[in-house]
Amino acid sequence: MPKYAFFKGDFVPIEEAKVSIMTHAFNYGTGCFEGIRAYWSEEDEQLYLFRVIEHYQRFHNSCRILLIDMPYSVERLVEITTELLRREGYREDVYIRPLAYKATEAIGVRLHDLEDEFALFALPFGKYIAVEEARACVSSWRRIDDPIIPARAKVTGGYVNSALIKTEAVKNGFDEAIVLNEDGHVSEGSGENVFIVRDGKLITPPVTANILEGITRATVLQIAEEELGIETVERQIDRTELYVAEEAFFTGTAAEITPIVEIDHRPVGTGHTGPITKRLQTLYSAIVRGKVERYREWCTPVYPK
Ligand code: PY5
């Protein structure tokens, strides 16, 4: 359990960071959030926030879409996060959860004329998808569409869609699901973006496919080209391309890079983690712990040196 939270403008004991059952966001899902990781480097005796600027920029975008007035700049949010982690004194991998939400205690579905609040907590965190190699299904649910609940904004209420997708998959014996858009094309996982490899090229759905514009996705697209010299393509993916792909994997802050070795009971490629996936995993885990000089600016140190 964390010891502290940032709540109503201050650092408070976690037990004091409580909301009322009348809170607007609790009733209607009118909030947005982020998921950020910080990685402990034993070698450097340092905790590194990974791409925290990009996470808080996306947080600002989510707030803009939801008409949430965010009083803190990206720089100030990074400071608050760093301060919280220092107070906790974490010397292990952690997961950071900022929330911005409609805090008014009143009845009435809307976004306007409501008070906004910001809250933050962080806790030790290991793997999100418990297995090394995931078995996935294609969900019977469809992905929320931009004019319904924008997936681009990380809206708390939108995660009911993710929860339906994830629970159906797990109850049917899979580790995770890939969800399709209304038009039948691939969107993403319940809490991850999805990639396939075909003819040695890395393919992922475009930002207009009702995906969250993933920071891990952007990272993988960049490092695949720059470090591994692999061609990357953002385009629509058909369901059956999943069945004939050479490799497939999920990306996400929580999921990191998780190989998908089976989709709808069909082995992906050889049925084991593919070579491109493996190389990306190795590179990614070095980058997030500040071990690759070229990408060092993605890693923000928490403790003073
Ligand atoms: N798609 C969805 C629906 C997501 O929720 C996430 C992140 C991603 C893609 C990947 O985005 P990024 O690479 O920027 O993390 N999901 C959160 C996470 O922390 C919450 C998962 C429960 O990974």
Side-chain angles (χ1 to χ4, degrees), residues 29 31-39 49-62 65 74 81 93-100 120-130 134 136 139 141-146 148-170 175-181 186-195 202 204-224 232 234 237 248-258 260 280-281 284-285 287-288 295 298:
C32 59
F33 67 101
E34 267 304 320
I36 309 169
R37 271 189 190 262
Y39 290 89
L49 284 157
F50 186 63
R51 302 200 77 174
V52 66
I53 309 274
E54 289 86 344
H55 278 282
Y56 280 128
Q57 283 167 343
R58 187 172 67 190
F59 191 52
H60 269 220
N61 287 343
S62 294
I65 291 169
V74 167
T81 305
D93 294 351
V94 296
Y95 188 80
I96 299 130
R97 171 54 50 83
L99 288 150
L120 177 72
F121 63 92
L123 69 178
F125 204 69
K127 280 181 81 65
Y128 175 68
I129 296 178
S139 184
W141 298 95
R142 291 295 159 116
R143 185 68 176 134
I144 43 170
D145 208 15
D146 190 59
I148 298 175
I149 300 177
R152 166 173 295 101
K154 226 170 145 51
V155 181
T156 53
Y159 278 76
V160 171
N161 182 239
S162 294
L164 289 165
I165 293 161
K166 179 76 178 196
T167 291
E168 179 194 51
V170 170
D175 302 303
E176 185 50 277
I178 297 165
V179 61
L180 306 179
N181 286 311
V186 172
S187 178
E188 57 180 346
S190 72
E192 308 85 12
N193 292 114
V194 67
F195 283 78
L202 206 49
T204 196
V207 293
T208 48
N210 298 313
I211 64 166
L212 181 74
E213 295 176 6
I215 288 156
T216 320
R217 173 184 178 277
T219 302
V220 163
L221 286 170
Q222 187 174 339
I223 64 176
T232 64
E234 293 172 63
I237 297 176
F249 57 87
F250 289 117
T251 64
T253 297
E256 300 171 305
I257 297 173
T258 301
I260 308 170
L280 285 166
Q281 276 184 307
Y284 185 76
S285 63
I287 289 171
V288 297
Y295 303 107
W298 285 345

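All heavy atoms count here, side chains included; hydrogens, waters and symmetry mates do not. All ligand and atom numbering here is 1-based and tracks the order in the structure.
In this structure, the side chain of R97 engages the main chain of E34 through a donor-acceptor pair within 3.5 Å.
Pocket lining of ligand 1, defined as residues with a non-hydrogen atom under 4.0 Å away: G35, R58, Y95, Y128, R143, K154, Y159, E188, S190, G191, E192, N193, L212, G214, I215, T216, T251, G252, T253, A254.
Salt-bridge check for E213 with R58: failed, with every basic side-chain N at 4.0 Å or more from each acidic carboxylate O.
None of I257, I178, T216 except one satisfies the side chain to side chain contact (heavy atoms under 4.5 Å, CB included) rule with F250; the exception is I178. When each of V288, I287, T253, T219 is checked for a side chain to side chain contact (heavy atoms under 4.5 Å, CB included) with R51, only T219 meets the rule.
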Steps toward side chain to side chain donor-acceptor pair (under 3.5 Å) verdict (E176, S190): CA-CA 7 Å; E176 185 50 277; S190 72; 2.9 Å; yes
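Ring centroid separation for the pair Y128 and Y95 does not come in under the 6.0 Å cut-off.
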